[in-house]
Amino acid sequence: MAALPSVGGLRHLNCFPWRRNFRHERIFNLPSSHLSTVASLPSSSSVSPNEDSEEIQFSTPPIKTVMKTSNGSINTAKENIGAKNKTDNDKKVSYFPKRGQTLELVCENLAFKGKGVCKVADTGFVVMCDRALPGERFIGRVTRKKDNYAEVTKLKTITPHLDYVEAPCGYAAYCGGCKTQNLLYEAQIRAKERQVRELVVHVGKFTDKDPEFNSIMKPIVPCDIQFHYRNKMEFSFGPKPWLPPKLLEEGYGDCHSYALGLHAPGFFDKILNVHKCLLQSEAANKVLAAVQAIWRDPGSGLSPYDVHSHTGFLKHLMLRTGRNVETGLPELMVNFVTSSYKLELLNSIVEKTVTIPEVASIVNNVNTSIGNTSVGEVEYTLYGKSTITEVLRGLVFQISANSFFQTNTYQAEVLYKLIEDCACLRGDGSEIVLDLFCGTGTIGLTLARRVRCVYGYEVVPQAVSDACRNAELNGIYNATFIEGDLNKIDEQFGNDFPKPDIVITDPNRPGMHIKLIRFLLKLKAKRIIYVSCNPATCARDLDYLCHGLPDQNIRGVYKLSSIQPVDMFPHTPHVECVCLLELDD
Ligand SMILES: C[S@@+](CC[C@H](N)C(=O)[O-])C[C@H]1O[C@@H](n2cnc3c(N)ncnc32)[C@H](O)[C@@H]1O
């Protein structure tokens, strides 16, 4: 095992030859034709730390739409549009609902960020609505106009969606985390599977008319555990609790003066007070409740950080749940992110927290910047260990406060088994594996004992050192982890490792940079296993790897052998995919 290169105990990003001469290139846009991608703001929900930026709208048959006119009467859409005898495309161009206009709509499907996709009758015009669910008929008001679609806010449900269930969590209707808790789980995964399929066809440009397509596109793997599956949650502190206007109008003021909880969907500065989250472990809920009970005590001297005035002390409470390797019981890391180092202020809250038996580590990340991230410039261990452990596919991993680790450990076992199946190892230990975007090295390390060697690339220095430590902890000595930015590779990239038999690539939401795609097309490894948390950018990259970039005279050299959607995050819009690409020779 080795980390390359190490300079005076620190690895410097710019000491890599392949990072020289970097020119910023625009990361590609998705096609905007038949199935168009529309930009959206990054989510500020604390539940999804890697939230990014794509939403997809689907082209599905038009539905009957009724619009309310300014005098309050309801007319059919056709009358208002007056575009009966134009072609579909002309109609789309000529029709645009007005801001404030009300529409009667039926939700047809869920888009990438869980927004309901609807179409205005006869026009094909796409309207997106947060928290509208497939089959639901509702009245929506146009709130935002984008280039080629509009957003509406749901005013009233006329008939509920087809698979309505009571949401077990009282916060589900408002919090940014679980958007689909009141959709039957089977319907949630059906919608995710359909979403992946449509993206692969429309963005990836693979034809579903091909009889082979159905064997390539595998049915989604559901998650057997639909609650308490998250091993990491980040709650934010704020000066004022947020409640949706509807509840405020109904007189539901929050009796608390400060807020500790999750962000209102789309807002970095509005925090919904949360005392319990059904996605995290019971032990983590004990800690949350304990902190909620004590931190507002006027005698404690604690104050929440205000993102506008940049005053106050407590920024975030991050809770990570791992497993004690000896006992198999949960062990917890509590991470207080603060704006300054004032240990004495944390004393009372730490004293209370350590009484919870599962707590194995309490750390303090001090982040003095005005930004709202949870990674501190300095980290102090206030109690117990500085890391917690977790077991994945028989290996032990040490997790520090800021390292990436798959957030659903249970389903990560399933995911990694699927990756291993795709690797189709010969069994003679001869393969060379390149693990791109390797995080703490988990994928490569779970394969390492059965291959010749693993090379992992990762941009976060702490994740690289965790990967090295994890290799050592598990007695693995054929894995090399290299720190570097895969968006900034140059012609030298590839000189530091032998030609791999298998490339595993697991980028975060923006997908792979075009430079990396070009590199992979030149490298021509036998297999690429593309693991993705964003089916839109994944479909785009599959298109490039299989069909090439004709405008740049680059030929695609892979054939798509399988796409396996996996539900890692029930009740959220997220869907993971494991795709196998084989060299097409
Ligand atoms: C989805 S995670 C996958 C981690 C790992 N494969 C796993 O399963 O635990 C993506 C990883 O890519 C890293 N990353 C993001 N952008 C990167 C870049 N430009 N170059 C290298 N690594 C990057 C992130 O820090 C993160 O660890």
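Atoms within a ligand are numbered from 1 in the order they appear, just like the ligands themselves. Starting from 1, each residue takes its place in the sequence as its number. Everything numeric in this text was worked out from a predicted model, so none of it was measured.
With ligand atoms numbered from 1 in the order given, ligand 1 contributes 19 (N) to contacts under 4.0 Å with heavy atoms of Asn487. Ligand 1 places these atoms under 4.0 Å from at least one heavy atom of Ile443: 6 (N), 8 (O). Atoms of ligand 1 lying under 4.0 Å from at least one heavy atom of Asp485, given by number and element, are 18 (C), 19 (N), 20 (N). Close approach of ligand 1 to Gly439 (heavy-atom distance below 4.0 Å) involves ligand atoms 4 (C), 5 (C), 27 (O). Atoms of ligand 1 lying under 4.0 Å from any heavy atom of Phe437, numbered from 1 in the order shown and given with element: 3 (C), 4 (C), 5 (C), 6 (N), 11 (C), 12 (O), 14 (N), 17 (C), 18 (C), 22 (N), 23 (C). Close contacts between ligand 1 and Gly484 involve ligand atoms 20 (N), 21 (C) [criterion: under 4.0 Å to a heavy atom]. Residue Val460 has at least one heavy-atom neighbour below 4.0 Å for each of these atoms of ligand 1: 25 (O).
Checked for salt-bridge contact, Glu193 and Arg197 miss the test: no charged N lies under 4.0 Å from a carboxylate O. Checked for salt-bridge contact, Arg469 and Asp466 meet the test: a charged N lies under 4.0 Å from a carboxylate O. Comment: Lys526 does not engage Glu582 in a salt bridge, judged by the lack of any side-chain N to carboxylate O separation of less than 4.0 angstrom. A salt bridge is defined here as a Lys NZ or Arg NE, NH1 or NH2 lying under 4.0 Å from an Asp or Glu carboxylate O, and Arg527 with Asp501 fails to meet this definition. Salt bridge present: Glu420 and Arg450 bring a charged side-chain N and a carboxylate O closer than 4.0 Å.
Remark: among candidates Leu415, Leu392, Thr446, Asp506, the nearest residue to atom 3 (C) of ligand 1 is Asp506, based on non-hydrogen atoms. In the candidate list Thr442, Thr440, Leu436, Thr442 is nearest to atom 9 (O) of ligand 1, counting heavy atoms. The nearest non-hydrogen atom to atom 26 (C) of ligand 1, considering only Glu458, Arg509, His513, comes from Glu458.
Taking any N or O of Val459, backbone or side chain, at least one lies under 3.5 Å from an N or O belonging to ligand 1. For ligand 1, the polar-atom distance check finds no N/O of Pro507 at less than 3.5 Å from any of the ligand's N/O atoms.
Considering Leu545, Thr537, Leu486, Asn487 in turn, Leu545 is the only one that fulfils the side-chain contact (heavy atoms from CB on, under 4.5 Å) rule with Met512.
Within the 4.5 Å cutoff, side-chain heavy atoms of Leu445 are placed close to those of Asn470. Using a 4.5 Å heavy-atom threshold, the side chains of Tyr185 and Cys223 count as touching.
Every heavy atom of Ala463 sits 4.0 Å or more from the atoms of ligand 1. Within the 4.0 Å heavy-atom cutoff, Gly441 does not count among the residues contacting ligand 1. Within the 4.0 Å heavy-atom cutoff, Tyr416 counts among the residues contacting ligand 1.
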Worked check of side-chain contact (heavy atoms from CB on, under 4.5 Å) between Asn365 and Thr338: CA-CA 6 Å; Asn365 269 259; Thr338 60; over 6 Å; no
